[in-house]
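These notes are about the structure you will find just below.
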Amino acid sequence: MNGKVRTRIAPSPTGFAHMGNARTALFNYLFAKKEGGEFILRIEDTDKERSKKEYEQDILDNFRWLGLKWDEGIEKGGPYEPYRQSERTELYKKYLTKLLEEGRAYWCFCTAEELEAQRAHQISLGEAPRYKGICRNLSRQEQEKRLAAGERGVIRFILEPKGIAFQDLIRGEIKFDTTLLGDAVIAKDLETPLYNFTVVVDDFEMQITHVIRGEEHIANTPRQILIQQALALPGVQYAHLPLLLGEDRTKLSKRHGDNSIRKFREQGYLPEAVVNFLALLGWNPGDEREIFSMEQLIKEFSLERIQKGGAIFNLQRLDWINGLYIRQMPLEELTEICKPYLPEHPMDLEKKKKIVALYQERLKKLSEIAELADFFFKDALEYPRELLYWKEATTEQTKEMLGKIHELIGGVGESDWTKENLEKILMPEAEKLQNRGYMLWPLRVALSGKKASPGPFEIAEILGKEQTLQRIKQAITISKV
Ligand code: GLU
């Protein structure tokens, strides 16, 4: 080993990449970069039925979107190619054969029924159900003979009953008693190895130094260490990240809603905000700061500052962070990324920028602009007549007011059609009323069709003279009845 830190993210492409994958990938990336090391992306597709290319693509796309740049791995290549487990069968076969030849693993021919009976018996005795090692006593010749006769078996690894301990970089010493574990199935056959085995082989072959992964993998660790030892491979350092919890403090799962990265991306969360948010799920800088760029995170990150207890996935916090990043964004750029959420419309870019500017301060995610600003893009608005009435104003008064507004601004020239000018003309009239709502409210509703919107002058400027007057006329017709 050359002493360089090498971490990896090793997702199984059995579903769309979710926020848990992203957090684990991010922490591996940050640690590797902080230490001047390398970050590797390996695809663990040993589960042939559940692994799909579509999911693999989703993982790659979304990790890239988040700015997680792997130094080696799928699509990028590297010295330990291939980085997809389904393409590494020959290598695993070599290690499996070694274990079989050395008597550290054996073929097991127990049927599903036999295993079930054994399990039921153990449970009835109040014992922890585990494989008793019945086939362990078959000689090599016997095993070969049964295989040659076409019997199907699986490969089990002999788990020595012993105490095992490892130093977790986050949790300190973790101890296990393997007497409670049965011999583990490590392959369905020589061509079909399983996770606990392939992970050990690959972490060694790819020279991984640190395995940083979710807490749910702690239970797999003793098996993996025993397999390492049986193959006389050097150990790796482990760091198990705290569980992600929902707001109800139970393990984050589908029950809490769609947690896929693409879902958050679709809703208009910015990658910088998601990274910032994920970094704080279990890690903290040791002070009150909450806003970090990727570069800052790389500088500040350390495994010592990762907590043991679960980290709550707090959507309000994500919204707050995202809103902050939206507010900091140059308008030009924000308009560009808001475009997919706005209707296709021949409106010029300057106008679109003005619309986006109206909402920049309040957006928590980009998708919100679709509903907030839809009225700018419609030919005709639909809203209940009563919405036009300010407080107890009558139909007649409202109609009159709208007529008056139309008269007051109908003469303003196209080139003078600015919010400042419109305000200068209408506000003095509005101030004369018992409440300016009698004028501003019906005007705002006439232009937006909404209960809540930005102010009427800003809207009128963006709509332009023709459309503004047309909407006021439409409101007069609606309020007539
Ligand atoms: N393929 C495993 C998973 O997606 C990786 C676990 C590990 O990091 O060892 O959970």
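Remember, it's a predicted structure, so these values are computed and weren't measured experimentally. One-based numbering, in listed order, for ligands and for the atoms of each.
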(message) If the condition is side chain to side chain donor-acceptor pair (under 3.5 Å), which residues does T192 pass it with, not counting sequence neighbours?
(response) D189
(request) Would you please classify the geometry between the Y269 ring and the F264 ring as parallel, tilted or perpendicular, with 30° and 60° separating the classes? (result) tilted
(message) Does K450 form a side chain to side chain contact (heavy atoms under 4.5 Å, CB included) with L387? I'd like the steps, not just the answer.
(response) CA-CA 8 Å; K450 285 190 194 301; L387 194 58; 5.8 Å; no
(message) For E72, is there an ion pair with R8 - N to carboxylate O distance below 4.0 angstrom?
(response) no
(request) For N276, check side chain to side chain donor-acceptor pair (under 3.5 Å) against everything at least two apart and list the hits. (result) Y325
(request) Quick one: list whatever passes side chain to side chain donor-acceptor pair (under 3.5 Å) with K351, sequence neighbours left out. (result) none
(message) I'd like the residue list for ligand 1, meaning every protein residue with a non-hydrogen atom under 4.0 Å from the ligand.
(response) R8, A10, P11, S12, E44, Y195, V199, R213, H217
